[in-house]
Amino acid sequence: MLPLKPLHSNFSLRPSPPQVALNRLRSIQFPPSARRSVQVQATVGGGDQSQTMTTTSLDSKEMREKKGPMEPSSGVDEGLKVRAVVTIKKKMKEKIGEKLGDQWEYLVNGVGQGIKIQLISHDIDPVTNSGKSVQSYVKGWIPKPSNVSYIVEYTADFSVPSEFGCPGAVLITNLHGKEFYLVEIIVHGFRGGPVFFPANTWIHSRNDNPESRIIFNNQAYLPSQTPAGIKDLRREDLLSVRGNQQGLRKQHERIYDYDTYNDLGNPDKDEELARPVLGGHERPYPRRCRTGRPPTLSDPLSESRIEKPHPVYVPRDETFEEIKQNTFSAGRLKALFHNLLPSLAATLSSSDIPFKCFSDIDKLYIEGVLLRDEESKGVVENLLVGKMMKRVLSAGERLLKYEIPSVIKGDKFSWLRDNEFARQTLAGVNPVNIELLKEFPIRSNLDPALYGPPESAITKELLEQELSGMSLEQAIEEKRLFILDYHDMLLPFIKKMNALPGRKAYASRTILFYTKAGILRPIAIELSLPKTHSSPENKRVYTEGHDATTHWIWKLAKAHVCSNDAGVHQLVNHWLRTHACMEPYIIATHRQLSSMHPIYKLLHPHMRYTLEINALARQNLINGGGIIEASFSPGKYAMELSSAAYKNLWRFDMESLPADLIRRGMAVEDPSMPCGVKLVIEDYPYAADGLLIWSAIKEWVESYVGHFYSESNSVTSDVELQAWWSEIKLKGHCDKKDEPWWPKLDTQQDLSGILTTMIWVASGQHAAINFGQYPFGGYVPNRPTLVRKLIPQENDPEFDKFIQNPQLVFLSSLPTQLQATKVMAVQDTLSTHSPDEEYLGQLNPLHNHWINDHQILQLFNKFSAKLEEIEEIINARNKDTRLKNRSGAGVPPYELLLRSSGPGVTGRGIPNSISI
C-alpha cells in the first residue's frame, strides 16, 4: 500500500467517472437522473494494481455537480431512501479457519443479522432531546475484487424522514462473535452529496462490549461548534476511552490511561532482574500507557511482565497493521536469533570471544557467521521456535550476513581519521550533543564533596598547542571551539557501571576545533573516573600525538568517547526524547480531544504505531536483561541514566529545533533568516536540513491553526484543547508539572509552537537520530556501544601487551563477537522502513476522506509540495563540493532528512510518526 498525497473530497456528479491516478480511491459517481438505481463505482488501491467494484445505490431527485469537498446540507427528498456503504478490511493472508469464518460472516450479514447501524442527525429530536436517529442492518455484500480480496463492502438502506437533517454520527454495533476492521462508511442520497465517516478502527464484538461504537463524519468542529444532535455523543465517545486507573486491560479495549515505568524488571524470575520504578520524585520519567497487570510477587510496586510471544496491551487501534506486523517479524529474525534465550546464543557460538583482527569484522559482511549443524541440533528442537526460524537456523550463513554499512562502503578506513570522528558529530546518527564552548575553564556542576574538584583537567596551555597559533581567547571569541560533554551525565554512574562484568567506562569531555579551512577536528579528550581515597582527582587528558604509542592510545580514547556517545544517543536522545516523551502526548490526545476536533485530526498521522513500538521496547529492548542492557555501557543502569537525564536536562520548550540549536550555541538568533536563527557552522547537515523541515512543518501548522482559530479568544475558550494541554503537564509529564518553562496556551502562536514541536519530534527529529543507526553503528570500530577495558597505563601489567600488539588490545576492548552481532541485528531492525510506512506530507489512500475542508486540503498539498522542494535542495547540497561534511571522496551524503524512502534500511525517509 503506497502512501499518496491527499485527494480532494471531490465527488463529482457526472455520468461517467473521471480518470484518476493508480492506487487512489476513485470518487463515487452519480448520474443526474431522478429516483432510479445507479452504479456506485469505487476503486480501492492495493499493491500496484487497482480494482473497480460496482454495486447499486438509490439516487435523489436532484443531484447537483459541485467542485471541492461537499458541505453536507440538511434534508432529503421526501420518500427517498439513502444507502450506507460500509467498507471493511479483512486479513490479507487468512488461514483456512479464518476463511470459513468469513463465509459465515457473509451469510450472517447477508440476512441482516451481523452489523447494526444508526444514523444520528445534527438536529435534535424534540421528543428524545437527543439527535434524530434512524436504524438499519447491513444486508448483502458487494462482490470482492480479485486483486484486493481483503477489502469488502456491505450496504445498509435507510428510510429517512425529510426533516431528518444531515447525519453527523453513526452508531455501529457488531453482532458477530469477533471484531472487524472498519475503514469507512459513506452515506449516499443526501442532497448535499455523499457524507463520509472515516473510521480506520477495530469494531469490537458485542460479546466483548455491548456498547455501540460512535463514528463521526469528517467535518471538523471545535467543541463550541458541535451540532446539538451529536454534542452528547462527542462527550460520551471521549469518556469511553479514558479508563479509571482500575482493572486489567483486555486486548479488544480502547482505553488510554497513565502509569509509571514499573514493568521493566522481572524480580519473580530472578532478583538480578529487579529494576527500580521510573516515575516519581526520586526517579522522574514520562508516563506510559497503563496495562493494569497485577504486581509481581516479589515487589508490590512492580508490575508483572508478559513475555514474548504474548502481546503487551496497547489500545486496539494502536497495534500494528498486518503489513507492518509481518515486516517487523521478518526483519527481526536476525535479532531474534540472539534474543531467543541466552543459552541458545551461547550454544550457537563456540565462545563469547573478542575480534582478533579486523578481517574477523569484515567476515560479518562477506561470509556471515556460519553455524555447524552439531552446534544447533537439539537446542533448536527443544525450543518453541517456528518452522521459519528453524529453516533460517539451518542456513545460518544467511541469517547473520550483514549489509556493508554506508559509513565504510565508500572508504573502509574513514573511521580511523579524526575529521570523520568530528564530522559525525554534525552529520552522524547523534548530531544533537555538540555544543559551542562558551567559557573557560570548564567546570562541573556536580557536588565536589562526592565527585571531586569541579575544574576540568583540560588546560589553556594544552589547548593552545593544538590551535595553530591562535590564542584560546581568540578561538572562543571567533566561535571555533566546541565540546562534547558527557562528564556530568555519566560520572555519577561510572563506579556502578565499571563494577559490571566486561564493562569499563569513563565520563568523557571532547574539545573540537573548527579550523579556518572549515574542518572540524578533535584536539583533546578528557576521561574521568570517580574519585577514590588514593586518587581524589582521577582525570586524564589525551591528545593525538605523533608517535605510534600515543596514536593508538588516542584511538582508544576516541573509542571511549564513541561508547559514551552511543549510550547517550540511545537512552536519552532516541528513547527518552522521542519515544518516551511522545507517548503522553498521544495518550492525552485520545483522552481529551474528540476525533472530530481539528487538532486531533492534525496530530492523528503523527501518533501511528508509537504506543505499540514502545510497548515492544519495554518487553524486549529496554527491559531488565534486554538488548539495550546487554549491548550498551550503562548495562543494568541504562534506564536509571535515562531518568537522570529527564530530571536534569529535559525541557519541552527546548525540544523545538531552533531553541535547541540556540541553547547549545550552535546557532544565534537572526530575524532575517527563515527560522529566525543563523548557524554558527554553516556546514552542519543535521541542522541545515532540519531547519528546512522545521520551517515547512511550522508553516503548515500555523496555517492550519489560523484556519480553525480565527477569533482572539478561540484558543482559551476551547475546553477540550485546554484540558489536553493541562493533562500533558499534570498527568503525562507530572514529575515536571511545576516547572516554569512550560509554554502557555493562550494564543494561536502558543498553540502553533506546541504543535510544531510535537510534530517535529515525531517526524524529523526521530528520523534523524534513528534511521542512521545501522549505517553508522553497523561497523563496530566506528561506533562501539560499549568498551570492555580501561586504557592501559605505563604501570599496568596490560601495558606491555599493548606495546607488543596494540591492534589486539584495541579490538579486545570493543564488544565481543556475540555482543557486536547482537547489537548489529537490533540496529538493522531499528533502521528498517516497513512497506506500509507513511511519510511526512503523504497520506495513506484509505485515509483520503480525513477532513471535509477544501481549504485545509489545499494547505496540505502546499505542505507536501514544499517537502518535495526540500528534497531537491538537500540533494543539491549533497553534491556541493564546498560542503565537506556531506560530500567528498568516500563521504556518504547526508540523507537522513530526505522525506521519502523505499522499504528496508535506506538511511533516509521521514515517517509521519515514531513507528520503529
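Every pair passing salt bridge (charged side-chain N to carboxylate O under 4.0 Å, His left out) that includes a residue from residues 903-916 is listed here, sequence neighbours excluded: Glu871-Arg908. The list of salt bridge (charged side-chain N to carboxylate O under 4.0 Å, His left out) pairs with a residue in residues 746-772, not counting sequence neighbours, is empty.
In this structure, the ring-ring contact (aromatic ring centres under 6.0 Å, His included) partners of Trp725, at least two apart in sequence or on a different chain, are Phe652, Trp742. Legend: residues meeting side chain to side chain contact (heavy atoms under 4.5 Å, CB included) with Glu682, ordered by chain and number and at least two apart, are absent. With sequence neighbours excluded, the residues that form a side chain to side chain contact (heavy atoms under 4.5 Å, CB included) with Gln225 are Tyr221, Leu222. For Thr906, the side-chain hydrogen bond (donor to acceptor under 3.5 Å, both in side chains) criterion is met by Ser901, not counting sequence neighbours. Here Ala688 pairs with Leu679, Arg877 under the side chain to side chain contact (heavy atoms under 4.5 Å, CB included) rule; sequence neighbours left out. Residues meeting the ring-ring contact (aromatic ring centres under 6.0 Å, His included) test with Trp700, sequence neighbours left out: Tyr704, Phe860, Phe863. Applying the ring-ring contact (aromatic ring centres under 6.0 Å, His included) rule to Tyr600 yields the partners His590, His604; only residues at least two apart in sequence or on another chain are considered. Partners of Arg254 under the side-chain hydrogen bond (donor to acceptor under 3.5 Å, both in side chains) rule, at least two apart in sequence or in another chain, do not exist in this structure. Every side chain to side chain contact (heavy atoms under 4.5 Å, CB included) that Thr578 has, sequence neighbours left out, goes to His574, Val761, Gln765, His766, Ile769, Ile914.
Salt bridge present: Glu699 and Lys862 bring a charged side-chain N and a carboxylate O closer than 4.0 Å. By the 4.0 Å N-to-carboxylate-O rule, Glu702 lies close enough to Lys698 to be salt-bridged with it. Using a 4.0 Å cut-off between charged nitrogen and carboxylate oxygen, Arg608 and Asp317 do not count as a salt-bridge pair.
Rounding to the nearest 0.5 angstrom, the gap separating the OG atom in Ser763 from the CD1 atom in Ile910 is 6.5 Å. In this structure, the separation between CE on Met673 and NZ on Lys678 is 7.0 Å, given to the nearest 0.5 Å. Here the straight-line distance linking atom CD1 of Ile185 with atom CD1 of Ile88 works out to 8.5 Å at 0.5 Å rounding. Atoms CD and CG, on Glu583 and Leu611 in that order, are 5.0 Å from each other to the nearest 0.5 Å.
Residues Trp724 and Thr589 have side chains that bring a donor and an acceptor to within less than 3.5 angstrom of each other. Residues Asn885 and Arg423 bring no donor and acceptor atom of their side chains to less than 3.5 Å of each other. A side-chain donor from one of Asn430 and Asn573 sits under 3.5 Å from a side-chain acceptor of the other.
The shortest side-chain heavy-atom distance between Tyr609 and Glu318 does not fall under the 4.5 Å cut-off. For the pair Val715/Gln722, a side-chain contact is recorded, criterion being any heavy-atom separation below 4.5 Å from C-beta on.
Ala169 and Ile230 get closest at one heavy-atom pair: CB-CG2, 3.9 Å.
Taking the ring centre of Tyr181 as origin, the terminal cationic atom of Lys89 falls inside the region bounded by 6.0 Å and 45° from the ring axis.
You'll find the ring centres of Phe197 and His849 outside the 6.0 Å limit. Checked against the 6.0 Å centroid criterion, the rings of Tyr585 and His733 qualify as a close aromatic pair.
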Enumerate, atom names and distances included, each donor-acceptor pair closer than 3.5 Å involving a side-chain atom of residues 751-759, sequence neighbours excluded.
{"from": "Ser752", "atom 1": "OG", "to": "Gln748", "atom 2": "O", "distance (Å)": "3.0"}
{"from": "Thr756", "atom 1": "OG1", "to": "Ser752", "atom 2": "O", "distance (Å)": "2.7"}
{"from": "Thr757", "atom 1": "OG1", "to": "Gly753", "atom 2": "O", "distance (Å)": "3.1"}

Salt bridge (charged side-chain N to carboxylate O under 4.0 Å, His left out) between Asp689 and Arg886: does it pass, once the steps are laid out? CA-CA 11 Å; Asp689 295 357; Arg886 60 198 310 156; 2.6 Å; yes
